[in-house]
Every structure is written in structure tokens, then in C-alpha cells.
2 protein chains.
Amino acid sequence: MKRHQVTIIDIAQKLNISKSTVSRALTGHPSVRSDTRQAVMELAQKMDYQRNMLAINLSSSQSKTIGIIVPEFVTSFFPIVIMGAQEIADQAGYSVLISQSNETYETEVANAKVMLANRVDGVLISMTRETKNYEHFDVFKRKGIPLVFFNRVCHDIETPKVVVDDYEGAFKATEHLILLGKQRIAHLAGPPSLYISRKRLEGYKDALRKHRRPVIDELIISYDLTLEKVKIYIKYLLDLSTPPDALFAVNDPTAIEAIKVIKEQGLSIPEQIAIVGFSNDYGSALIEPGLTTMAQPTREIGQVAAQLLLDQIHTDSSVWKPITRVLKTELIIRGSSQRI
Amino acid sequence: MKRHQVTIIDIAQKLNISKSTVSRALTGHPSVRSDTRQAVMELAQKMDYQRNMLAINLSSSQSKTIGIIVPEFVTSFFPIVIMGAQEIADQAGYSVLISQSNETYETEVANAKVMLANRVDGVLISMTRETKNYEHFDVFKRKGIPLVFFNRVCHDIETPKVVVDDYEGAFKATEHLILLGKQRIAHLAGPPSLYISRKRLEGYKDALRKHRRPVIDELIISYDLTLEKVKIYIKYLLDLSTPPDALFAVNDPTAIEAIKVIKEQGLSIPEQIAIVGFSNDYGSALIEPGLTTMAQPTREIGQVAAQLLLDQIHTDSSVWKPITRVLKTELIIRGSSQRI
DNA sequence: CCATTTTGTGGGAGCGTTCCCATGAAAATA
DNA sequence: TATTTTCATGGGAACGCTCCCACAAAATGG
């Protein structure tokens, strides 16, 4: 049944030396005679020997693997973050175990368990929009496994984080609409459970205040990020006695959905209603009109987060330094808010 | 330094029983007295015990992990395939190790090594566009590790595959353009090293032949799928003495890029030139005009591939049954080829 | 009531490494 | 030449688990 694997013992026997010597030759230990090493290397090659990470991991009690938990995979944002993280991990010789929580709290908890069971050396995580209980993160802390949050971070737990300047980004996005001469700027916000939703909302409000515009409650809608609902809220906004003449959406998928709905309703963008998103996702340049958006350095987020995690792993202090890295966003102006 | 992990031995000692019994209790072995099991379970819970997969894997010589190697991560296609695969893997209690080859042969080889070293129980793979040497796949065969190809498959190696009806899809796509009354239909094809490129090219040609149209060589361009080059080829096509009035692109990213270039050139789509893509990627519905495309059941590809792989893993015959599952494509008509 | 089966448990090898310690030979030093 | 140092190697425990085998106590049967 069980196919035999080529082990260092096989090599040792053929060469009539001990497995210790083979191990040393293979790992590049200095105190091995060069002809011995040579012979081992050659035979290993010839026998298709592959070091068994399972054994190495067990022996060293570390898996040389980092876990990444993301809420979803469909929009381009998370895949690109993962690319960035993987680059860094690869360079450092780490494998990457990826799982997506599907925006579901239960799945996130289950994924965390899997990571734990697989003894990952650290975890990169962006929470689901539902996550309000952080017990499953505490376990990592108790076990001394580094955790780095990115994008959707958790502020009730001391840990390194990588975020963008959500407040400032939202501020600038809103200001951009104000300077365009827009009078009634609506905001389609994310759920208050997410820190980024709150920050972006704040930036939006402060921009209005700075320019002495009223903050109008009926123009602010907080929703749970399930895109199907965008249609309902847009229709609500358009049906107001004085509808908005601009919309700042919490993220690009939301903004894109909004554009679709507004076009369906026969309104012109940006004349009747201008739109700004947040992220610069893949679709933002494709949709007509192009979506003005606050670009996030997506790949860089992944790189920085991975680097931070690796740093934590290598400094084996048991306390996590709660470093927060804030990356800059950049306004990209496209047709959805262009002055014509 | 090394933090102590809670092991079954810790539990055993506290309870004054042997580790065998603890192991049995934890794994649900029948011959354990129920009060013993109860006690073990409770203590395990209380002590934050997490089974160490590293040890279990080594002991059982299997990792309960499947590997997935994809060429890239940016277009929506592969992430969605992965989602599908992960669903199936999760259900079966398998973890997923993902790596992307970045469309580079060397990286693909390196990734394969990592998979091997981590003793994955099987691998799902879609090759890079450069891969012409299959030695790194043979290793899996020699070691008896199941391999399932999807999308970009390899025909020089006997293995299960999951593909879509590329020939038929291309045939229908081309026929659609013909029925639209288009006379000179160009084809921007993929590299001949990829089976899907060849099949799609064949379908295109046969559709022309069926409708007694000439196959014009100057209208057929095979390129290496690096999107930056699309611009060059489109310009070449438009500069022909009699330029094409339709374009069938090998995939959606190519088609989308083509639309952008053609719009830049000031031509009207679909009146002057109609376009059809292949895949129904995320961007296809967003771009203006919407891209007519042959939709692939993307998520299903992942599910079927993972299922096939799991089947192979569980039937422990050493020969791979070279089952090929062909999934259906479906023509989705949008603005880029609509009769107005 | 003794022989036999069942049930629950303990002991220990094995999975493939690494790494520490011991050992003998060769080389360097006194 | 005697003694210490270096070098290359071997032996074996450890990593945390599973699983086979053995064994005692309890249950069953004639």
C-alpha cells in the first residue's frame, strides 16, 4: 500500500555511512569531508531524494509556513495582497497556507483552528465583516504565534497592523467632490463593526465640516457590504425629495455596483451624480465612466504585512509589538467625477 | 526559547492514564470508556490543546494537504477556480497549499519542489504559458502523487484533466460573428505551446470553413499572452489594407485590452469591429461596451478538479486514470457584438 | 465454576529528521 | 615521543503522534 519514500537512511546505507553524516551533508554543515558530501549529493539526486518537510517540521517544531486568512477572493484586492505577501514569504523560504473565510465568522474560526493545527509560524489576517468576537485570535496570542492584521484590522487586540490612511483618503475623496462643486454628497458606508468603515465615515464628515457643509443624516447609509443591496440604497437616495448630486462609496465594488444601478436609472454620471470609490480595484478602470477612486498600494500592503510578520517570527519575544504601518492612498481621477 | 506545546502526554499525565488512551479518546476510537473519553475531552479543552498536524502527518506519512499551482492571480479566473477547489477540499478535511508560478517556468519547477517537500497528497495544476518541459511533473508520477491538470493542461503526460470544450466554444464564438454578418474575422490566439490555444484556433478555423469563408493567415496572430503586446497586434490588424471587421480573442483579458486599444483608435464597437472573448471574467461585464464571451463554469472547474484529485488520492492504485472531464461553455452576448 | 471471549488500557516501535554527545584518527603542539 | 587539539563521523534521543501487540479484568457460556 504505502509507497516507500527515499529517506536519508536509504542514502546512508548505500554509502555505508551514518544518517547523521548524510543529514549534515545535505544541510550544508561545515564538518563533512567534501568527497563525502559530493557522494551524498550525487546519490540523493540520482535517487530522487526529497527532504521530508513533515519530519523536519516536527523535529524543529516549526512549519516554515505562514497562514493567510482573507474574507474573499473575488474582487482583485485580496488576491493581489496575497501576491505581495507570497513574494516576501518565498524569499524567506516560507510556504503560504491560504484560506478564505467567505465573510463568515464561523468559517474564520474554523480556518484559525486549521492554522493552529498545522502549526503555522504566523498568520496574516483580514477579518470578515461579521467578526465581533476575538476569542479565536487570542488563542494565537496565548500560544505565542504572531498575528498581523491588514486592511480589516482588529483594534481590541494588541498586534501589528497594516492599514492605509482611511481617514485621510476618505477626507480627500470627499473634498474632491466638494471642490467639484457638488452640494449634496451621499456616503454609502460599510458596517460600523469594521474600523475602516468608521474611519472612512469620519473622514467624509470632517471634509464636509471643513468646507462648512452640513452633514446630512439621510445621505449617509451604512450597509453590510453585500452588493445585492446596493440597488436598494441607491434607489432610496435617488428618490429623496432632494437627491444627492454625488456619492462617496466605501469601496470600489460598491461604487461599481452603484454606477451600474445609476446608469440603469438613466441618470448621467458625473453630471447629475458624481461618484468616488476607494481601492482602485481591477474593474474601476474598465467600467464606463471610469471610476474615480482612492488607490491603495495593494501589493505593498501584502509585502509590508508579510515582512512585519516575519520580523515578529524572528524576534522571539513573546509580546507582540503593536506596530501600525499606515500606507498612503492616492486619488485617481477618472470619468465618474471629471469636470467636463 | 521554545515555548512548550500542550501534548497528549501532558493530558495523559494529569489524568494518570497512558498517551495511547488519550490518543484514542481524542480520535474517537470506539474502545474507550465513555467517562475516560469525557475527562480527556474536557481537559483538552481546558488546556487549549490543539492536535499537532505536523506529528500526525509524519506518523501517517500523509499531509492531508493538496497543492494548487496556478500561473497568476490577477484576473478573476484562477482565484475563482481556487475557491471552487477549496470548497471541496475543506469538506474532505484537506488543507490547500497555493502557489503561483507567475507565468514563469522556473518558478513552476520551484513550486513543484515545495509541494513535494511538503508531501502534499496531490496537486492541482494549470501550467504557465512557457512550460514545454514536463520533467517536474514526472517526478510526481514516479512518487505516486496524483496530479490533476485543469485549464492549461499537459497532453504529454497521462493524468486526469479538467477542461472546457475549447474547440466547440471557439467554434460557436466564431460562428456567432459570422452570423452577425462579419466578413473578415481576425483571431488573436495564444501560444501554440498551450493546448487550449491550439484547440481554440482549430475551432475558429473550422467555423470559418463550415460557412465557406476563407481562412486568412494575416488575420491570425499567435502571441504569448503578455497583455502589453496586444496594442501592437491590434494596430497591425487595423493597418491592414483591408482591416478585419471582427475579432475573436483567445481569452477575456486579451479581448478587454483589445477593446481599450480599439476605442483609443476611435473605431466603433461593434459597428466597425465586433469582439468576442473567452471566459467571462469579472471585467467583461464592466467594460463598455460589454464583452461578448464564451463563459466558462469557473468555480465548477475547481470543484471538479478537486473532486477528481481526491478520488485519485483515495483509490490507491499507482496508475493515474487519465479521465478527462470536459465542461460546457456558454455564449454570453453583450454589446461588443450586438446587432444594433 | 472454570474456560473463553470481550473490553479497556498500557507499552513501545515507528514516521524522517535534527542535533547533541561521544569516539577514534589525524594533525598540531609541546 | 607524548599530549592536546581538530576533524569527520557514528550513536541515539527527541519531536508528538498513531497503531499494533500484549495483558489484566470483566463478561459470557457451557
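What's counted below: heavy atoms across the whole structure, side chains too, no hydrogens, waters or symmetry copies. Letters A, B, ... mirror the listed sequences (proteins, then strands); counts begin at 1.
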Would you mind classifying the nucleic acid contact of [X] as base, sugar-phosphate or nothing, using non-hydrogen atoms under 4.0 angstrom?
X	result
B/Ile8	base
B/Leu58	base
A/Thr7	sugar-phosphate

Stretch residues 21-29 of chain B: residues that reach within less than 4.0 Å of DNA chain D through a heavy atom: B/Ser23, B/Arg24, B/Thr27
D/dT18 base / B/Lys19 side chain donor-acceptor hit below 3.5 Å: yes
Any N/O donor-acceptor pair, A/Ser61 side-chain to D/dG16 base, under 3.5 Å: no
Pair B/Tyr134 and B/His155, ring centroids less than 6.0 Å apart: no
Given C/dT18, D/dG16, D/dT9, the nucleotide with the shortest approach to the side chain of A/Ile56: C/dT18
Closest to the B/Gln5 side chain, choosing from C/dT17, C/dG10, D/dG16: D/dG16
Backbone N/O of [Y] and side chain of [X]: donor-acceptor pair under 3.5 Å:
X	Y	value
B/Asp121	B/Ile66	no
A/Asn118	B/Met53	no
B/Ser126	B/Phe150	yes
A/Thr104	A/Thr107	no

Side-chain H-bond candidate by donor/acceptor type, B/Ser18 with B/Thr21, under 3.5 Å: yes
Modelled atom types, side-chain donor and acceptor of B/Gln38 and B/Glu42, under 3.5 Å: yes
The single option from B/Val81, B/Ile98, B/Ile68, B/Val70 passing side-chain contact (heavy atoms from CB on, under 4.5 Å) against B/Leu124: B/Ile68
Residue met sooner reading DNA chain C from 5', once B/Ser34 and A/Ala55 are mapped to nucleotides: B/Ser34
Rounded to whole angstroms, how far apart are [atom1] on [X] and [atom2] on [N]?
X	N	atom1	atom2	result
B/Arg33	C/dT6	CZ	C1'	15 Å
B/Ile9	C/dT9	CD1	P	18 Å
B/Gln62	C/dG16	CD	C1'	16 Å
A/Gln13	D/dT9	CD	P	18 Å
B/Leu15	C/dT9	CG	C1'	13 Å

Residues A/Glu158, A/Lys321: salt bridge by 4.0 Å N-O rule: no
Presence of salt bridge, B/Asp48 and A/Arg142, under 4.0 angstrom: yes
OP1 or OP2 of D/dT18 under 4.0 Å from side-chain N/O of B/Ser59: no
Under the 3.5 Å Watson-Crick or G-U criterion, the dot-bracket string of DNA chain C, with | for inter-strand pairs: ||||||||||||||||||||||||||||||
Note, B/Ile157 side chain near B/Phe149 side chain (heavy atom, < 4.5 Å): yes
side-chain contact (heavy atoms from CB on, under 4.5 Å) between A/Ile17 and A/Val22, intermediate numbers included: CA-CA 8 Å; A/Ile17 54 179; A/Val22 176; 3.8 Å; yes
Stretch residues 35-54 of chain B: residues that reach within less than 4.0 Å of DNA chain C through a heavy atom: B/Thr36
